[in-house]
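These numbers come from a predicted model, not from an experiment. Naming convention: chains lettered A, B, ... in sequence-line order (proteins, then strands); numbering from 1 in each chain. Heavy atoms only: backbone and side chains are in, while hydrogens, waters and symmetry mates are out.
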Amino acid sequence: MPDPIALIDCNNFYVSCERVFDPKLIGVPVVVLSNNDGCAVARSEEAKVLGIKMAQPLFQFRDKVRDHGIRVMSSNYTLYGDMSRRVVDAVGQFSPSFEVYSIDETFVDLSGFGDRYLKQASDMRSTVRELTGIPTCVGVAPTKTLAKLANYAAKKNPIFGGVCDFTDARVADWCMARIAVGEVWGVGAATEGKLRNIGIETVSQLRDLPMSLARKVGTVVLERIVAELQGVRCLDIEEVVPQRKGMAVTRSAGEPMRTFDAVMQAVTAHATQAAYKLRQHGLVAGQVTVFFHTSPFSKTAPQHSASRTIHLKPMTNNTFDMIHAASLCVQKAWKGDRRGNGYAYAKAGVILDDLIREADTPQLLFEFERPRDARLMTALDAVNDRFGKKKIVVASEGFHRPFEVKAEMRSPRYTTRISEVPVIKA
DNA sequence: TCTGGGGTCCTAGGACCC
DNA sequence: TCTGGGGTCCTAGGACCC
């Protein structure tokens with residue numbers, strides 16, 4: 001038997017976080033919205049039963065909210081991030097080797113536990129529940145791709161009691177014959193369509209697909225998926241968090257941006273936020289891309305999408321440098337009359353690439369030190385951290401901010417803001 | 001008339017993930 | 001009227017070099 005891998009995945013994570021601090025949310029339908037209160041990004045089981053889909057826009061299920069008393073909440077990433085850390089701390093007690101794959105999923109290496117690995121997996125699940133209040137499911141299998149699938153089975157089928165073991169071939173075969181191919185990790189809508197065209201409907205069929213055919217339908221990625229489904233390990237548990245390669249700040253605007261100035265204002269705000277994020281991570285960027293586009297959902301409005309990339313020399317995390325570079329991008333990318341070119345832009349963003357640690361910033365031959373800028377950035381961050389974001393902004397960002405994030409139904413930051421910690425009266 | 005070939009690097013775009 | 005945001009990886013094709 002190959003060394004078992006577990007995937008522990010939190011159930012309806014954001015909803016579960018909210019329920020830990022507000023028990024009135026238990027047993028009723030709950031939906032957590034994306035940034036800007038646009039779409040559903042987490043749903044309780046009760047909300048799923050009512051037919052609310054992942055990423056479904058709020059305006060499409062307003063009637064259900066009214067008719068069924070669905071509790072709708074803005075997302076509270078500060079809370080979820082902190083709860084995630086607590087879950088990982090609990091998981092870490094069960095194996096020295098694990099990989100935090102996303103905010104609500106962790107792969108755990110269960111080799112070295114002999115035949116006690118299943119006990120280990122179910123103890124891990126109950127301990128997370130006990131220490132954090134978060135319910136989870138666990139999938140155990142010889143490869144990551146199979147562990148994801150076992151986890152899916154554990155979530156969908158109550159007979160597994162929250163832990164599904166694919167190291168038992170009978171269980172694995174039974175499930176794989178019944179799970180649709182599109183549920184496999186790495187098989188999205190495009191690949192699913194191609195697979196269905198050649199008659200592949202279930203996971204078992206994909207597992208038994210000849211490698212040459214897998215390569216023809218997809219790429220090396222699909223070959224790797226097929227191998228992993230056969231129990232051949234291609235993906236390792238990566239304990240070290242790799243240096244991130246890019247970073248982005250992008251937003252849909254609250255109201256359409258029709259003029260050059262409106263787009264510039266949003267991009268300035270995003271560039272400011274992006275530079276701040278870089279400094280928080282101790283990084284500098286070598287490249288910045290600015291994009292803005294109209295709403296792809298509008299059937300009638302004329303569509304336009306623009307983007308420009310420029311290199312940052314020297315590499316930087318300075319707010320003023322970033323705004324300057326981003327402005328140049330907007331100027332180059334803007335088409336037509338600046339007072340309005342007939343397009344209603346719905347979204348804009350700033351994407352940073354070529355990230356390296358600030359300490360490793362290469363020195364340019366003729367670069368001169370700018371210590372005052374560095375001190376100014378430190379002071380700017382200190383003021384905004386202490387008194388709240390956007391207390392000091394660069395003037396071009398403006399005061400009327402249609403691109404501002406909406407979060408009208410956000411819960412308190414129970415665990416990270418002293419002023420929002422729950423008070424117990426006894 | 002016949003008009004190289006092989007290598008690297010970079011970028012844009014697609015696909016996928018949570 | 002209102003439709004998320006932030007990531008990664010792979011491939012194809014162009015530019016460039018010798």
Side-chain angles (χ1 to χ4, degrees), chain A residues 7 9-14 31-43 52-63 65 72 74-75 77 80-81 84 99-107 144-145 148 151-152 182-195 215 217-225 234-235 238 241-256 270 273-274 277-278 281 286-287 289 291 293-301 305-311 344 346-355 402-403 405-408:
Chain A
L7 174 68
D9 185 322
C10 302
N11 301 348
N12 318 327
F13 182 56
Y14 298 168
V31 166
V32 176
L33 300 175
S34 62
N35 242 325
N36 249 10
D37 291 348
C39 300
V41 292
R43 304 149 296 149
I52 293 165
K53 302 288 179 226
M54 184 64 180
Q56 190 175 10
L58 174 61
F59 73 88
Q60 283 179 4
F61 59 90
R62 282 240 187 245
D63 49 339
V65 171
V72 177
S74 302
S75 41
Y77 290 106
Y80 311 148
S84 175
E99 171 188 343
V100 179
Y101 174 67
S102 76
I103 195 165
D104 68 338
E105 290 167 272
T106 299
F107 287 105
K144 281 176 150 184
T145 304
K148 285 282 274 186
N151 194 289
Y152 174 83
E183 300 298 337
V184 174
W185 188 35
V187 176
T191 307
E192 183 182 9
K194 287 188 211 162
L195 287 170
R215 184 64 213 232
V217 173
T219 66
V220 287
V221 181
L222 191 61
E223 278 187 308
R224 207 157 54 204
I225 288 169
C234 303
L235 305 169
E238 303 192 14
V241 180
Q243 158 76 56
R244 69 195 300 170
K245 302 196 162 71
M247 185 179 275
V249 177
T250 69
R251 287 286 177 282
S252 296
E255 52 191 73
H270 302 338
Q273 184 61 22
K277 251 170 99 172
L278 276 177
H281 288 84
Q287 188 177 295
T289 301
F291 73 85
H293 60 71
T294 50
S295 170
F297 300 102
S298 170
K299 297 281 176 282
T300 49
S305 170
S307 98
R308 279 294 182 285
T309 301
I310 62 177
H311 289 277
K347 185 171 181 173
V350 170
I351 301 165
L352 306 175
D353 280 299
D354 292 355
L355 307 188
F403 47 82
V405 173
K406 273 191 283 182
E408 287 159 359

Roughly how far, to the nearest 0.5 Å, is CG of A:Leu33 from SG of A:Cys39? 8.5 Å
For A:Val184, which contact category applies under a 4.0 Å heavy-atom criterion: base, sugar-phosphate, or nothing? sugar-phosphate
How many angstroms lie between CG in A:Leu278 and CD in A:Gln273, if you round to the nearest 0.5 Å? 10.5 Å
Counting the atoms with a prime plus P, OP1 and OP2 as sugar-phosphate, which does A:Lys277 contact under 4.0 Å by heavy atoms, base, sugar-phosphate, or nothing? sugar-phosphate
Which part of the nucleic acid does A:Ala346 contact within heavy-atom distance under 4.0 Å: base, sugar-phosphate only, or nothing? nothing
Boundaries of the chain A footprint along DNA chain B (any atom under 4.0 Å from a heavy atom): B:dT11 to B:dC18
Across the strands shown, which category fits A:Thr191 at heavy-atom distances under 4.0 angstrom: base, sugar-phosphate, nothing? sugar-phosphate
Mind checking what makes side chain to side chain contact (heavy atoms under 4.5 Å, CB included) contact with A:Phe291, not counting sequence neighbours? A:Thr250, A:His293, A:Ser307, A:Lys347, A:Ile351
Residues passing the side chain to side chain contact (heavy atoms under 4.5 Å, CB included) test with A:Thr191, sequence neighbours excluded, are A:Val187, A:Leu195, A:Leu222
If we take the P atom in both B:dC17 and C:dT3, what is their distance in whole Å? 25 Å
At under 4.0 Å between heavy atoms, what does A:Arg308 touch on the DNA or RNA strands: base, sugar-phosphate, or nothing? nothing
Could you measure between the two C1' atoms, the one in B:dG4 and the one in C:dC16, and give it in whole Å? 15 Å
With sequence neighbours excluded, tell me which residues meet side chain to side chain donor-acceptor pair (under 3.5 Å) with A:Lys144. A:Glu99
Evaluate side-chain hydrogen bond (donor to acceptor under 3.5 Å, both in side chains) for A:Ser74 paired with A:Asp37, printing each intermediate quantity in order. CA-CA 6 Å; A:Ser74 302; A:Asp37 291 348; 2.8 Å; yes
If you assign A:Lys347 and A:Arg62 each to the DNA chain C nucleotide with the nearest heavy atom, which residue ends up on the more 5' nucleotide? A:Arg62
Touch check for A:Glu105, heavy atoms < 4.0 angstrom, all strands: base, sugar-phosphate only, or nothing? sugar-phosphate
Rounded distance [0.5 Å steps], CD in A:Glu223 versus CD1 in A:Ile225: 10.5 Å
Runs of at least three Watson-Crick or G-U pairs with DNA chain C, cut-off 3.5 Å: B:5-18 with C:5-18
Toward the 5' end of DNA chain C, by each residue's nearest nucleotide, A:Thr250 or A:Val220: A:Thr250
Within the structure provided, determine whether A:Leu355 and A:Met247 are in side-chain contact (heavy-atom separation under 4.5 Å). yes
Checking A:Tyr14 now: which residues fulfil ring-ring contact (aromatic ring centres under 6.0 Å, His included) with it, not counting sequence neighbours? A:Tyr77, A:Tyr80
